Novice: 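What follows is a structure written as structure tokens; I'll ask about it next.
Within every chain, numbering begins at 1; the chains are lettered A, B, ... in the order of the sequence lines, protein sequences first and strands thereafter. Excluded from the calculations below are hydrogen atoms, water molecules and symmetry mates; all remaining heavy atoms, backbone and side chain alike, are included. These numbers were taken from a predicted model, which means no experiment stands behind them.
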Amino acid sequence: MALRAAILRHVRVPVQTLTGGRAQLPYGGSLRFLSSHDDHLSKDEVIERVLSVIKSFPKVDPSQVTTDVHFQKDLGLDSLDNVEIVMALEEEFKLEIPDKEADKIDSSNLAIEYIYNHPLAG
Amino acid sequence: MSVTSTAGYLARRAAQRERVRILYRRALKDTLNWAVHRHLFYQDASELRERFEANKKVEDLDTIDRLIDDGEASYNKWRHPDPYIVPWAPGGSKFTRNPAPPAGIEIVYNYGREDND
């Protein structure tokens, strides 16, 4: 018992902390691994990319686009434009949204929430 | 017009609107499947949109139902046999592929020859 205590006092297992996270990655953290979905999108990034997709839609006035804009009521689009925007968002984030759920996305707020909570948005 | 028939009319219109939205969504995706390049897709997509816009002003409910049925039949007839599937989705190229190991786990490729032999 004494021997064990003496050994335990002297033996040390070197502790290596994982130096990781996005800050340590090359290319300023913008490197995205093609095969892993471990690092999830941040909310800011989702917001920025969703808004840029909506702004680049031809019939939309970019100055009116905010995070809680309703596509049909605020931007003057019709339901088919809404379908096109949702499809553009699917392509931007490499998603496949089921038809019934995609049909319910009618504002940028809903789109941001859906994409941010989707585990495979990339 | 009584309240029930108005409600029935609105419910039927809402159902038709949803059918049209979903049909347009599927048809637009299928257009992208058929188009080899983006610049071909843009032309095809605007032609598809014109086909939908042509019947925008139709008011008669039975006519609308018949038009939607025609559209769905046409969609089913020309559906792409090998559509694009997002890689992680069922049927996609990455579906159930092994995920990357978590950070900090190292794979040593020395094929069983450890240091002591």
Novice: May I ask you to name which of A:Leu95, A:Val83, A:Asp99 has the most heavy-atom pairs under 4.5 Å with chain B?
Specialist: A:Asp99
Novice: Counting only heavy atoms closer than 4.5 Å, note whether B:Arg26 contacts chain A via side chain, backbone, both or neither.
Specialist: side chain
Novice: Against chain A, work out which of B:Lys29, B:Arg21, B:Glu53 has the most heavy-atom pairs shorter than 4.5 Å and name it.
Specialist: B:Arg21
Novice: With only heavy atoms counted, which part of B:Leu32 is less than 4.5 Å from chain A, the side chain, the backbone, both or neither?
Specialist: side chain
Novice: For B:Leu28, is it the side chain, the backbone, both or neither that has a heavy atom under 4.5 Å from a heavy atom of chain A?
Specialist: both
Novice: For atom CH2 of B:Trp78, is the number of surrounding heavy atoms from other residues, nucleotides or ligands below 6.0 Å larger than 12?
Specialist: no
Novice: Is there a salt bridge (charged side-chain N to carboxylate O under 4.0 Å, His left out) between B:Arg49 and A:Asp81? Walk through the geometry before answering.
Specialist: CA-CA 10 Å; B:Arg49 178 77 189 235; A:Asp81 294 325; 2.7 Å; yes
Novice: Counting N and O atoms only, with roles assigned by atom type, does the side chain of A:Gln72 sit under 3.5 Å from a partner on the main chain of A:Asp106, one being a donor and the other an acceptor?
Specialist: no
Novice: Between B:Ile68, B:Val58, B:Asn55, which is the residue that forms a side-chain contact (heavy atoms from CB on, under 4.5 Å) with B:Thr63?
Specialist: B:Val58
Novice: For the residue pair A:Ser107 and A:Asn109, confirm or rule out a side-chain donor-acceptor distance under 3.5 Å.
Specialist: no
Novice: A:Asp78 versus chain B, heavy atoms under 4.5 Å apart: side chain, backbone, both or neither?
Specialist: side chain
